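To start, the structure under review is shown below, and the notes come after it.
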Amino acid sequence: MDLSKAPKISFGTVWRFMIETVAFKKQVATAKYLVKGYNFFKSNHVLGLYHLSKNGKHYIRSQVLPSMKISAVYTCYISISSFSFVIRAKCGCPAGIDGRCNHVAAILFALENLSKTSGASEVSCTSKPCGWRY
């Protein structure tokens, strides 16, 4: 699970893929998938994240627990450009045929969280004691 070279994902990336690109295609865009996906992420339904980088693209694979049947899992695939744009996504659930479902949103939120916490061990310069430079 070496995700250190995975592209940084922000909430804007999640919003663009889940909401804006759907609205651009003149389909019905809803934030329901975002809310449920975030709840899946916070409830630890994302079981693992696997990363592969090839030809300037990043491929993420993960398994996500469904909301009802805990015995089954859905495998999801996400392709991300090196500029952190989601190219496409696919999920094994009935709603994931176009890649915009709760499970894909949960993985994107997991990647966003990973992006936020990856640099958390570095101490900000404003948090360090004052010192003089010579």
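Numbering of residues begins at 1 and proceeds along the displayed sequence. Everything numeric here is computed off the predicted structure, so don't read it as measured data.
Summarising the geometry of I87 relative to S81, their closest heavy-atom pair is CD1-N, 3.7 Å, with the distance given to 0.1 Å. The nearest pair of heavy atoms linking S84 to T13 is O-CG2, 3.1 Å.
Relative to the ring axis of F17, R100 places its NZ or CZ within 45° and under 6.0 Å from the centre.
Within a 6.0 Å sphere centred on OH of Y59, heavy atoms belonging to other residues, nucleotides or ligands number more than 12.
No chain of hydrophobic side-chain contacts below 4.5 Å, direct or via other Ile, Leu, Val, Met, Phe, Trp or Tyr residues, connects L49 to Y77. Both M18 and W15 are assigned to one and the same hydrophobic cluster, defined by single-linkage of ILVMFWY side chains at heavy-atom distances under 4.5 Å. Cluster annotation: I60 and L114 are assigned to the same hydrophobic cluster (Ile/Leu/Val/Met/Phe/Trp/Tyr, side-chain heavy-atom contacts under 4.5 Å, transitive). A single hydrophobic cluster is not seen to contain both L108 and V35; linkage of ILVMFWY side chains at heavy-atom distances under 4.5 Å, directly or through other members, places them apart. Hydrophobic clustering (ILVMFWY, side-chain heavy atoms < 4.5 Å, transitive): V104 and F109 are in one cluster.
Between the side chain of S82 and the main chain of K57, no donor-acceptor pair closer than 3.5 Å is present. Although no hydrogens or angles enter the test, the distance criterion places a donor-acceptor pair under 3.5 Å between the side chain of S115 and the main chain of I9. When atom types are taken as modelled, the side chain of S43 and the backbone of H45 share no donor-acceptor pair closer than 3.5 angstrom.
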*Residues Q63, Y74; criterion side-chain contact (heavy atoms from CB on, under 4.5 Å); working and verdict*: CA-CA 5 Å; Q63 291 185 322; Y74 292 122; over 6 Å; no

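Ring-plane geometry between H103 and F40 is classed as tilted, the angle between the planes lying from 30 to 60 degrees on a 0 to 90 degree scale.
Proximity of L52 to H58: side-chain heavy atoms (C-beta onward) are nowhere separated by under 4.5 Å.
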